[in-house]
J.: 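Below you'll find the structure I mean.
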Amino acid sequence: QVRLVESGGGLVQAGGSTRLSCAVSGHTDSLFAAGWFRRAPGKEREFVAFIFWNGGTRFYEDSLEGRFAVSKDNAKNTVDLLMNMLKPEDTAVYYCAVRLEGSTKWATQSRTVDFYDYWGQGTQVTVSS
């Protein structure tokens, strides 16, 4: 069993920055990868970022490249998401997720919610204009 708890977020002014953190506990030794997703009001949950559990390869939803940065803190067992130059359209509930088993199809499937096995409860980020 794996447990994820997101923190950070809140109310941020447009143009500002904030950092989200996802604390991962439980059977973390066998994890394969982690992802961040978000769900804006009235929209489907969408992919934000991906990172291998060993902190290697990482990538982002195309429109977020350059503004968002995902990282992993091995000492704290957290997966962090730094968000810069925030826009009102970034307002959403942000979720982290992890996958247990390795997959050779990670490049194509990791942008989908079904790729992941465990999810956090989400944390709200509201960007004011």
Side-chain angles (χ1 to χ4, degrees):
Q1 190 75 8
V2 179
R3 183 168 180 254
L4 293 79
V5 179
E6 300 97 337
S7 61
L11 181 62
V12 186
Q13 284 192 334
S17 300
T18 194
R19 178 187 292 272
L20 306 182
S21 186
C22 176
V24 185
S25 60
H27 296 292
T28 61
D29 289 347
S30 57
L31 292 178
F32 175 66
W36 280 95
F37 285 73
R38 68 184 182 182
R39 182 165 59 198
K43 295 187 176 181
E44 297 289 322
R45 193 172 300 195
E46 65 175 4
F47 171 77
V48 172
F50 167 91
I51 186 170
F52 278 126
W53 193 247
N54 65 8
T57 298
R58 62 200 73 183
F59 56 83
Y60 307 88
E61 196 278 328
D62 290 347
S63 67
L64 303 177
E65 184 82 46
R67 291 198 298 124
F68 287 18
V70 62
S71 61
K72 186 171 176 295
D73 187 323
N74 292 323
K76 297 179 181 179
N77 242 11
T78 62
V79 181
D80 297 337
L81 183 69
L82 175 62
M83 304 188 292
N84 298 311
M85 296 179 286
L86 283 163
K87 306 174 182 179
E89 50 264 43
D90 293 319
T91 295
V93 177
Y94 284 74
Y95 301 87
C96 66
V98 296
R99 178 182 172 93
L100 287 170
E101 288 189 19
S103 171
T104 58
K105 299 180 181 180
W106 58 268
T108 54
Q109 296 185 352
S110 59
R111 297 171 183 264
T112 67
V113 296
D114 291 340
F115 183 79
Y116 301 89
D117 301 300
Y118 295 95
W119 291 82
Q121 81 288 350
T123 186
Q124 177 72 45
V125 174
T126 302
V127 183
S128 63
S129 57

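The analysis underlying the following values was restricted to heavy atoms, covering all of them including side chains, and did not include hydrogens, waters or symmetry mates.
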J.: Taking Tyr95 as the fixed residue, which of Arg38, Arg39, Glu6 is the one that meets the side-chain hydrogen bond (donor to acceptor under 3.5 Å, both in side chains) rule?
T.: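 With Tyr95 as partner, Arg38, Arg39, Glu6 yield a single side-chain hydrogen bond (donor to acceptor under 3.5 Å, both in side chains), made by Arg39.
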
J.: Just verifying a value: how many Å separate Tyr60 OH and Glu65 CD, rounded to the nearest 0.5 Å?
T.: 6.5 Å

J.: Among Asp73, Leu81, Thr78, Val5, whose side chain to side chain contact (heavy atoms under 4.5 Å, CB included) with Ser21 holds?
T.: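 It is Thr78, the one option of Asp73, Leu81, Thr78, Val5 that forms the side chain to side chain contact (heavy atoms under 4.5 Å, CB included) with Ser21.
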
J.: Treating Thr126 as the side-chain partner and Leu11 as the backbone partner, does any N or O pair qualify as donor plus acceptor under 3.5 Å?
T.: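 It does not hold such a pair.
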
J.: Ala14 and Ser129: which non-hydrogen atoms are nearest, and at how many Å?
T.: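 Between these two residues, the closest heavy atoms are CB-CA, 4.2 Å.
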
J.: Do the non-hydrogen side-chain atoms of Asp90 and Val12 ever get within less than 4.5 Å of each other?
T.: no

J.: Any idea which heavy atoms bring Leu4 and Cys22 closest together, and the distance?
T.: CD2-SG, 3.7 Å

J.: Quick one: are Phe52 and Phe32 in side-chain contact, heavy atoms under 4.5 Å?
T.: yes

J.: Nearest 0.5 Å please: distance from the OG atom of Ser63 over to the NZ atom of Lys87.
T.: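 It comes to 7.5 Å.
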
J.: Find out whether Asp117 and Val2 are in side-chain contact, i.e. whether some heavy atom of one side chain is under 4.5 Å from a heavy atom of the other.
T.: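 Counting from C-beta outward, Asp117 and Val2 never come under 4.5 Å.
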
J.: Indicate yes or no for a side-chain donor-acceptor contact from Thr123 to the backbone of Gly8 under 3.5 Å, with no hydrogens or angles considered.
T.: yes

J.: Give the minimum heavy-atom separation between Arg111 and Phe59, together with the two atoms involved.
T.: NH2-CD1, 3.6 Å

J.: Donor-acceptor pair, distance only, cut-off 3.5 Å: does the side chain of Trp53 make one with the backbone of Val98?
T.: no

J.: Supply the atom-to-atom distance Arg19 CZ to Met83 CE, rounded to the nearest 0.5 angstrom.
T.: 10.5 Å

J.: Group every Ile, Leu, Val, Met, Phe, Trp and Tyr by side-chain heavy-atom contacts under 4.5 Å, then state whether Phe37 and Leu20 land in the same group.
T.: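 Not linked; separate clusters.
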
J.: Counting N and O atoms only, with roles assigned by atom type, does the side chain of Thr28 sit under 3.5 Å from a partner on the main chain of Ser25, one being a donor and the other an acceptor?
T.: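 No; judged by distance alone, with no hydrogens or angles, the pair does not exist.
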
J.: More than 12 heavy atoms of other residues, nucleotides or ligands under 6.0 Å from CD of Gln121: yes or no?
T.: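 Yes, enclosed.
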
J.: So, is the end of the Arg99 side chain (NZ or CZ) under 6.0 Å from the ring centre of Trp106 and within 45° of the ring's axis?
T.: no

J.: Looking at Gln13, I'd like to know if its CD atom is crowded, meaning that more than 12 non-hydrogen atoms belonging to other residues, nucleotides or ligands lie closer than 6.0 Å.
T.: no

J.: Going through the checks in order, is the side chain to side chain contact (heavy atoms under 4.5 Å, CB included) test met by Thr91 and Val125?
T.: CA-CA 5 Å; Thr91 295; Val125 174; over 6 Å; no

J.: May I ask whether Trp36 and Leu31 are part of the same hydrophobic cluster, defined by side-chain heavy atoms of I, L, V, M, F, W, Y residues being less than 4.5 angstrom apart, directly or through others?
T.: yes

J.: Can you name the nearest heavy-atom pair linking Asn84 to Ser17, along with the distance?
T.: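 Heavy atoms only, the tightest pair is OD1-OG, 2.8 Å.
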
J.: What's the spacing between Phe68 CZ and Met85 CE if we round to 0.5 Å?
T.: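 So the CZ of Phe68 and the CE of Met85 are separated by 9.5 Å.
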
J.: Any side-chain heavy-atom pair from Gln1 and Tyr118 closer than 4.5 angstrom?
T.: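 Answer yes - side chains close enough.
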
J.: Report yes if the side chains of Val113 and Trp119 come closer than 4.5 Å at any heavy-atom pair, otherwise no.
T.: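 Counting from C-beta outward, Val113 and Trp119 do come under 4.5 Å.
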
J.: Please check this pair: side chain of Ser103 against backbone of Lys105, looking for a donor-acceptor N/O pair closer than 3.5 Å.
T.: yes

J.: Let me confirm one number: the CD1-OG1 distance from Ile51 to Thr57, rounded to the nearest 0.5 Å.
T.: 9.0 Å

J.: Where do Val70 and Phe50 come nearest, in terms of heavy atoms and distance?
T.: CG1-O, 3.7 Å

J.: For the residue pair Ser110 and Tyr116, what are the closest heavy atoms and their distance?
T.: O-OH, 2.7 Å

